[in-house]
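Remarks on the structure that follows.
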Amino acid sequence: MGRFPEALMTDFALAIVVLAAGAGTRMCSDIPKPLHRVGGLSLLGHVLALAQAASPERLAVVAGQGFEAVASATRALAPGAAVVEQAERLGTGHAVRCAAPALDGFVGEVLVLYADTPLLRSDTVARLRAAVAGGGEEGAAIAVLGFEPADPGGYGRLILDGEGGLARIVEAKDATAGERAVRLCNSGVMAFRWPQARAWLDGLSAANAKGEYYLTDLAAAARMAGEPASVVLCPEEETLGVNDRLDLAAAEAAFQRRARAVAMRGGVTLVAPETVFLSHDTILGRDVTIGPNVVFGPGVTVEDGAEIGAFSWLEGCVVRAGAAVGPYARLRPGAEIGQGARVGNFVEVKNATLDRGAKVNHLSYLGDATVGRGANIGAGTITCNYDGYGKYRTAIGAEAFIGSNTALVAPVAVGEGANVAAGSTITADVAPGALALARARQVVKPGYAARLRALFAKRKAGTGR
Ligand code: UD1
Ligand code: MG
């Protein structure tokens, strides 16, 4: 999340109202629209992060559809925010009116954001704020974020006056053919002075095509009162609103493009950037190399110089400096891969720590385990951490050697420098430095192979048993 440029900071107090009450009908979903995710974070989460980056004095979320779920998500993401209910969905103006009690006694600037618009940038918001407050005497009473889309379609149109100020906003459904030809559109994001705008908000009427209280009518109301209204422009991508699953995919794609660019600018090599999927909170160090087709779920940190091979999936884990993971590795929550450690192909690690230099190179599962420094885990080693009821831990000491195809039945510990023979099923602790063999002793019968073949051939021919 970008910081607000100092030059655009104002000493106007800020309150933010996030509109999140919409029905989201076109998502065809049982999940409220604001809780659908982009980059592993809910749409609401993106907007609340943007809001919090502006350090508002007050923050209110207007919820309606799926109230309880939206309210509890808000409490988790922004504990200081007020959640107000809009029981009846009577329009964007009505929604802001519902938030008025949360603005009681507030003097400053109110910024309205939509919970379904996750790509807005901090510096754009700062420019909008500055249009209201930063200009001092010359600042507008209301400023609207506008854009010029390739297809203006159903957006509200920004009608300018002769001097480039904003005269009014007309919704597409209420617009004349001439007004619809205007390409300058309303993003929906706006800022206005408070409590000055309160009277205008109270005065909104629903006598329009949709029978709703339009927040957009505030612009004309301000002008009627002789107050200046202005437009601040931003790129179309930032205003992308999610209304259906296609929009959600478009927002995801835009988010990924941005996140990949940020990573590469920060010194990360993405061999095939368009195939790497990042989360909102992915942290990648300098000189990290990511192969093709790697997916980062939430909560991943990869430190400097580490390498993540193709087709790996990481989530809730830390990869320390210089470690190598994959190709085809799966790191699940609680995995911590130590400095210079190696996790190879078809290895799954969950809630387990590999200390520096430890190696688990092939076809293994390490769950609820600690692996000491420099230990070597042979191919096909499995920690049997679950008995159908509880989860148990496996501890492997530094420099221990676990032979291939070993089953470690937890809870169990293998001491420092111990050696476990390949094919063992380890059910009891192994002392440091000890050798453990836990497999049937091999029996070899010389010449028996030929006798066996003769026996089987006879059987097949039906001439013997
Ligand atoms: C709105 C703008 C339009 C602008 C467009 C940009 C109005 C009247 N129109 O139209 O000028 O071009 O956004 O996308 O504001 N919401 C509530 N309660 C309500 C109604 C809406 O919380 O009663 C929320 C929705 O959840 C959504 C946002 O407000 O987050 C916008 O509502 P929506 O119905 O999508 O407005 P548009 O018709 O798209
Ligand atoms: Mg909309």
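For ligands, and for the atoms within them, numbers begin at 1 and follow the listed sequence. In this text the structure is predicted, and so the values were computed from the model without any measurement.
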* Asked: Is the shortest distance from a Lys or Arg side-chain nitrogen in Glu109 or Arg193 to a carboxylate oxygen in the other one below 4.0 Å?
  -> no
* Are any of the side-chain nitrogens in Arg286 or Glu303 under 4.0 Å away from the carboxylate oxygens of its partner? -> no
* Would you please say whether a donor-acceptor pair under 3.5 Å links the side chains of Thr124 and Glu238? => yes
* **Parallel, tilted or perpendicular: rings of Tyr328 and Phe311 (30°, 60°)** => parallel
* **Residue contacts for ligand 1, heavy atom to ligand atom, distance under 4.0 Å** => Leu19, Ala20, Ala21, Gly22, Gln86, Arg89, Leu90, Gly91, Thr92, Ala95, Tyr114, Asp116, Tyr155, Gly156, Glu171, Asn186, Ser187, Lys210, Tyr214, Thr216
* **Asp174/Tyr214 under side-chain hydrogen bond (donor to acceptor under 3.5 Å, both in side chains): CA gap, chis, key distance, verdict** => CA-CA 11 Å; Asp174 299 279; Tyr214 292 163; 2.8 Å; yes
* Arg258/Glu237 ion pair, N-O < 4.0 Å -> yes
